[in-house]
Structure formats: structure tokens, C-alpha cells
Amino acid sequence: MSTQSFKKSERLKSRKTIGRLFNREGQSFAKFPLRLVYMEIEESEVPIQFTVSVPKRKFKRAVDRNRIKRLIREAYRLHKAPLFEKLMPSATADKSGKCYAWMVLFTGSEMPDYQQVEKSMKKLISKFSE
RNA sequence: ACUGCUCCCUACUCUGUCGCGGCUCCGAUCUCGUAUCGGAGGUGAGGAAAGUCCGAACAACGUAAAGCACCGUACCAGUUAAGCGCUGGGUGUCCGCCUCGGCGGAUAACAGAAAGUGUCGCAGAAAAUAACCGCUUUUGCGGUAGGCAGUGGGCAGUAAGCAGAGGCAGUCGUUUCCAAUGGAAACGUUGCAAACUGUAAACUGCCUACUUAAAACUGCCUACUGAAAUAGUAAGGGUGAAAACGUGCGGUAAGAGCGCACGCAUCGGCUGGGUAAUCAGUCUUUGGGAUAAACCUUGCGGGUUGAAAUGUCACAUAUAUCGUGGGUUGAGGUUCGCUUGACCGACGCUUCAUCUUCACCCCACCACCGGUGGGAAGGGAGAGGGAGCACCACGAAGGGUAGGCAGCUACAGGCUACUUGUGAAGGUAGUCGUAGAUAAAUGACAGAGCUCGACAGAAUUCGGCUUAUCGGGGAGCAGUGUUU
RNA sequence: ACCUCGAUAGCCCAACUGGCAGAGGCGCCUCACUUAGAAUGAGGAUGUUGGGGGUUCGACUCCCUCUCGGGGUA
């Protein structure tokens with residue numbers, strides 16, 4: 001499996017799981033302009049199911065929201081490899097590895113460029129690894 | 001060449017690397033499903049994808065009806081699957097031009113206000129029945145002026161009468177004088193009157209002023225006028241967004257389309273042009289303020305709900321559970337507000353007893369190979385009845401899923417050529433295949449170029465409209481300037 | 001994707017069935033009272049009625065359109 005691919009199976013799709021994330025079970029921390037909400041889930045083929053959200057209240061044009069989501073996804077795709085390395089070995093050895101659901105929210109109110117997003121994504125991942 | 005308007009096309013480009021959604025093909029793996037992974041090829045947002053303002057397709061709702069209600073719509077014709085779109089035409093309004101009655105442009109929810117109801121603030125006499133002021137007729141009551149008549153008055157005249165003075169005549173008286181039975185004069189008295197003067201009343205004439213000779217009053221008439229009543233009238237009345245056809249003449253008590261002429265508008269008829277809206281002419285009717293984006297009337301159209309519609313497969317103890325009713329001749333339903341109607345609607349099975357009937361069987365009698373009567377466990381058929389189940393309807397309280405497939409992209413499709421038409425569009429032929437996701441795909445990095453890149457992201461699909469928009473290119477029309 | 005409601009002063013809200021520029025409360029400003037402040041009293045200001053266009057003599061109101069905001073759907 002390529003370390004930079006981003007397949008359909010890596011995406012968080014279950015509406016139920018998303019609901020649980022926001023209700024009570026999810027933990028979260030923030031690195032401006034991003035905020036990570038995550039929780040432990042059972043039985044997944046991949047270590048992390050990932051999704052993105054951008055509030056409509058701050059960005060009214062669909063074009064802007066799409067662009068931000070694409071930037072965040074791109075940053076995640078390019079920098080997730082080290083994290084997977086950390087989670088995978090246990091998963092491959094015996095099936096005791098932990099799986100997580102991730103949702104990344106964009107909390108800023110202005111259009112970011114890719115460098116900003118990449119920087120905060122790196123921080124997010126390094127903090128999560130601890 | 002520039003400027004303006006209209007229409008059409010286009011929507012930064014190229015290279016490399018890493019990625020994403022469909023599609024096709026190949027390979028590998030296993031739980032054999034076209035599941036997962038890998039690879040290759042090819043493909044992947046818009047002119048507005050937006051707003052959801054119109055119109056359809058498509059789907060479901062039990063068949064999808066009629067009336068009322070409700071909603072929409074409104075010059076005509078064409079175009080189209082359809083339309084509040086588009087094209088062409090007509091009419092009105094506004095603007096511009098000039099050769100002054102045509103041309104050009106813009107614009108219009110452009111049916112009906114002469115079916116009815118409502119509204120029209122302030123101002124104004126009055127906002128729609130025409131009332132008020134005003135004007136005018138008539139009536140009575142006043143005022144002023146004039147006229148006539150009268151009373152009164154003034155002037156003049158008449159003079160029978162009266163009075164006056166005078167005259168004449170007579171008688172008598174008195175007095176005085178003289179030439180003395182007389183005479184004369186004066187006074188008194190009586191008479192006369194035809195003349196003189198004056199004149200109450202009367203009569204006649206003229207006048208009755210206002211700078212006088214003539215105070216004033218009454219009645220009637222006329223004119224003007226005051227305040228009323230009655231009737232007529234809509235010419236005029238400072239307003240207002242809007243004022244009861246306009247101008248002139250006649251007419252009238254005053255006036256008025258009351259009449260006439262010219263003109264304006266208008267319902268309708270006829271003739272002609274046009275498919276029609278409508279235009280021109282002519283005859284006739286009428287002169288009715290605005291508002292229908294107030295209610296409304298008329299014509300036309302509309303069943304409702306929208307892909308989160310809907311079908312189907314899988315999962316889920318879920319065609320499950322509980323209650324009520326129907327099933328038992330009818331519970332319930334018939335869509336949106338109401339009503340009506342053709343109507344739709346489970347109607348099958350089990351069991352219990354009763355009755356009727358049939359054949360067999362048993363008994364008795366008549367009789368002779370049959371008939372009649374009676375009995376009855378069981379069997380067949382039928383009738384109505386009781387109980388229950390299936391099934392149907394409504395409600396309650398809950399449970400589960402939120403996955404797959406279909407709908408889902410090939411078409412009222414695009415492009416080109418020819419052709420028909422003023423045009424929107426149509427026809428014929430050729431050619432092209434061009435997103436289809438479902439937490440939802442187009443991005444990042446590096447480099448290069450240029451005019452330095454706007455508005456902006458598909459979610460069932462089309463045709464329109466509206467709105468946003470940096471630029472670039474093309475065509476047509478109009479104007480200006482330069483050159484030839 | 002589809003359906004639906006709303007927008008009036010800094011804030012909350014009236015204004016009928018069109019009538020001439022719009023009421024009220026809170027807040028704001030000035031003055032008085034007080035040593036000062038609060039409270040109280042007196043006075044005052046504040047409006048493109050979301051933008052644009054239309055109908056009408058006249059529009060917060062009726063119609064069209066745009067912008068912004070709210071709500072709903074299985």
C-alpha cells in the first residue's frame with residue numbers, strides 16, 4: 001500500500017460514529033486554525049478513519065469550503081505516514097492495535113494557504129502521537 | 001482607427017511529481033462477491049452549476065369525476081413538448097428627428113370602471129345621488145327712482161254767489177247851500193247790474209319743486225334693489241392628482257348638447273384591407289372622473305406532492321405486540337377547504353347445535369317384483385343461527401435500519417452543411433459521445449510563459465427568465481475623424 | 001435537492017382594509033436636584049421603513065426583482 005494514497009476506506013462515513021464524536025465520547029484539542037476531534041473505535045481495516053468539516057456560517061461560498069477541505073485532506077495525506085508507522089506494527093503483529101476516528105474542523109475565519117494548513121497539521125499529528 | 005449599442009464564442013496556458021471519483025481492460029488474493037488490492041488506458045463542473053422566478057418531463061398518491069371555493073393568468077398571431085419565454089405584428093404612453101405627419105427608438109400585469117360594492121386624506125362649493133354659493137321665474141313683505149290716479153297743496157282762470165268800492169236808478173229821511181211849494185250837493189237807506197276789484201267753498205286748466213310759487217300722504221304700474229319662500233339651472237365659483245365633452249352661434253326668465261356648425265372621444269352596425277389584434281371610410285348611439293398590482297365580473301388554465309418523490313433487495317423476533325371496531329351485509333375509505341356522485345372495500349376457513357331434503361338401512365301395511373306410512377346412528381346437499389380464526393380498518397406504545405441496486409444520465413442532445421421562413425424556429429443529411437458522486441470526486445508541490453486570471457462548485461433531467469462577473473476574440477448597426 | 005417565513009431608530013417592537021414621514025419602551029445627549037453618583041423630574045436628538053424598480057394623485061402597507069437572515073423535510 002502506498003503511504004501517500006487516500007482511499008475510500010480511510011474515510012469516516014458512518015453518520016452514527018460522527019454523531020457519537022460530537023455528543024460526548026470524542027476528545028479534542030486545537031492547533032489554530034485546525035481542531036481535532038477523535039475517539040477510539042473497534043474493528044477497522046485502517047488505523048484512522050478521517051474526515052473534514054468546514055462551517056457554513058463562516059464560509060458562505062461552496063467554492064471556499066471545498067478548497068479548505070481539499071487543503072486539509074492534502075496535508076493529512078502527505079503527513080499521515082509516520083503516524084501509521086507507529087500504529088501499524090502492533091496491528092500487524094497481533095490484532096491488539098487501536099483504531100481511531102478523526103474529524104478535523106476548520107476554526108479560522110479567513111482563507112488559509114497551504115503552508116499554514118500543512119504546519120498546523122504537522123503539529124496536530126505530532127501532538128496526537130504523544 | 002476610435003466610441004456606443006446588440007448578438008455570439010471563450011473562461012489563464014504548458015511540463016513534471018504525488019493524489020481523488022466514475023468507466024474499460026489486465027493481473028493477484030480470498031470469505032468466490034465482479035469483493036479487496038495493484039497496474040494500464042481514457043475521462044471528470046458552469047455560463048451562469050446560483051436564485052428557485054416560470055414551464056415541462058418523470059414518479060407516487062385507490063379511479064383521479066362534477067360543483068363551489070381557492071390559486072394563476074389576460075392585445076393578436078406564430079413558435080415550441082410547454083411557458084408569465086422567444087419571434088413578428090397591433091394599440092397606448094414617452095423621447096428624438098425633420099421635409100409637420102410621418103420616421104426611428106424606448107416602454108407597457110395592454111380584458112372589463114357603460115354589471116355591482118368599496119375607497120378617493122388635506123384643500124375645495126362640490127370627489128359622483130350632483131348638493132351649496134351664484135343666476136333666474138313666480139309669490140307676498142320692504143326700500144329707492146319714475147309714471148299714472150287720487151287726497152292735500154300751489155298757480156292761473158271762471159264768477160252764479162258773496163264781499164268791496166264805484167256807477168246808475170228810485171223812494172224816503174237828515175244835514176248844508178242856493179235865485180226856495182223848487183233845485184243842487186253830501187250822508188244814510190232801498191233797488192239794479194250787462195261792466196270793475198277781490199274771493200271762502202265749488203268748478204276748470206296747469207303744476208306739485210329740491211337752484212322751489214307749491215308741506216305731505218294714499219293706491220296702482222314700471223325699473224332697480226333688500227331679506228325670505230317656491231321652482232328652474234348647471235354658464236361661473238381662488239382648490240386639487242382628478243371637476244361632469246371643447247369652441248362659436250342661436251336659444252332662454254336664467255341657463256344647459258337644449259338646437260345647429262366644426263372638432264374630440266365612444267358602444268354598435270355596414271363597407272373595404274388584414275388569419276387576427278386592429279386600421280381607414282361611413283351611419284348611428286352616447287358624453288359615463290380615477291382606482292381592478294381594492295373586492296369583483298368575464299374568458300382561459302390548474303388534482304396534490306416533489307428524487308429526502310418512488311420501486312426493489314438485504315438486515316432487523318417486524319406482514320411482530322397491545323387495544324377497539326369490522327369480519328357476523330358491511331368497519332372504513334373516496335387525496336387539498338367543503339359538498340355530491342359513479343365507486344373501492346375483508347366476504348375465505350374451522351367448529352357447534354337446529355331445520356328441510358335425498359339415497360341407503362330397519363319396521364309395519366297394502367299388495368305382488370312395486371307402492372304407502374313411520375323410524376333413525378352415520379353419509380350427501382341446502383337453509384338460517386352461535387362461537388372463533390384468517391383477513392381489513394383505526395389507534396397506542398415501541399423496535400430496527402439509515403446499507404446495496406434501480407430512479408441516474410442517450411437525449412424535446414450538441415456541432416457542421418444545405419434548405420424553408422421577415423424572424424423565433426422547423427426540415428433533411430452528415431458527424432460527435434461529453435461528470436454521475438452519496439459525508440459526497442478536480443487538489444498540492446516545483447518550474448516556465450503571458451494580457452497576471454472575475455463571478456463562482458453538478459446532486460433527477462431538460463427549455464427559459466433573473467442575478468453575479470476580470471478580461472480576450474468575432475459579427476452586425478450607428479456616429480465621429482483621417483486617408484484614398 | 002425541495003418547501004416555507006421574515007427584515008421598521010443602537011436594541012425590543014407598533015402602525016387596521018394605501019392618506020403625507022411613523023407610536024411606544026429600553027438606551028443616548030442636555031439641564032435641574034446632589035459635595036459627587038444613582039434614582040427622579042424637565043427637555044431634546046436619532047429613520048434611505050433591507051436595496052432597486054413598478055402600480056397609484058399618494059406606498060411601511062399592493063406587485064416584481066435582488067440581498068441578507070430564520071425554520072422545515074426521511
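Chain A is the first sequence line, chain B the second, and so forth, proteins listed ahead of strands; every chain is numbered from 1. As the structure is a computational prediction, the values presented were derived from the model and not from experiment.
Within 90° of 0 lies the glycosidic angle of B/G47, which makes this nucleotide syn.
One interatomic measurement links the two molecules: CD1 of A/Ile72 to C1' of B/A444, which rounds to 14 Å at whole-angstrom precision. A straight line from CD of A/Glu74 to C1' of B/U442 spans 12 Å, rounded to a whole angstrom. In this structure, CZ of A/Arg70 is placed 14 Å from P of B/C445, rounded to the nearest angstrom. Per the geometry, CG belonging to A/Leu71 stands 8 Å off P belonging to B/C445, to the nearest Å. Between A/Leu78 atom CG and B/C20 atom P there is a gap of 11 Å when expressed in whole angstrom units.
Remark: A/Gln115 is in phosphate contact with B/C445, judged by side-chain N or O atoms under 4.0 Å from OP1 or OP2. Within the 4.0 Å cut-off from OP1 or OP2 of B/A441, at least one side-chain nitrogen or oxygen of A/Arg73 is found.
The 5' end of RNA chain B is approached more closely, in terms of each residue's nearest nucleotide, by A/Val52 than by the other of A/Tyr114 and A/Val52.
A distance of about 44 Å separates the C1' atoms of B/G140 and B/A201, rounded to the whole Å. Here, B/A406 and B/U304 have their P atoms 33 Å apart, quoted to the whole Å. The separation of B/A11 from B/G88, taken at their P atoms, amounts to 30 Å, rounded to a whole angstrom.
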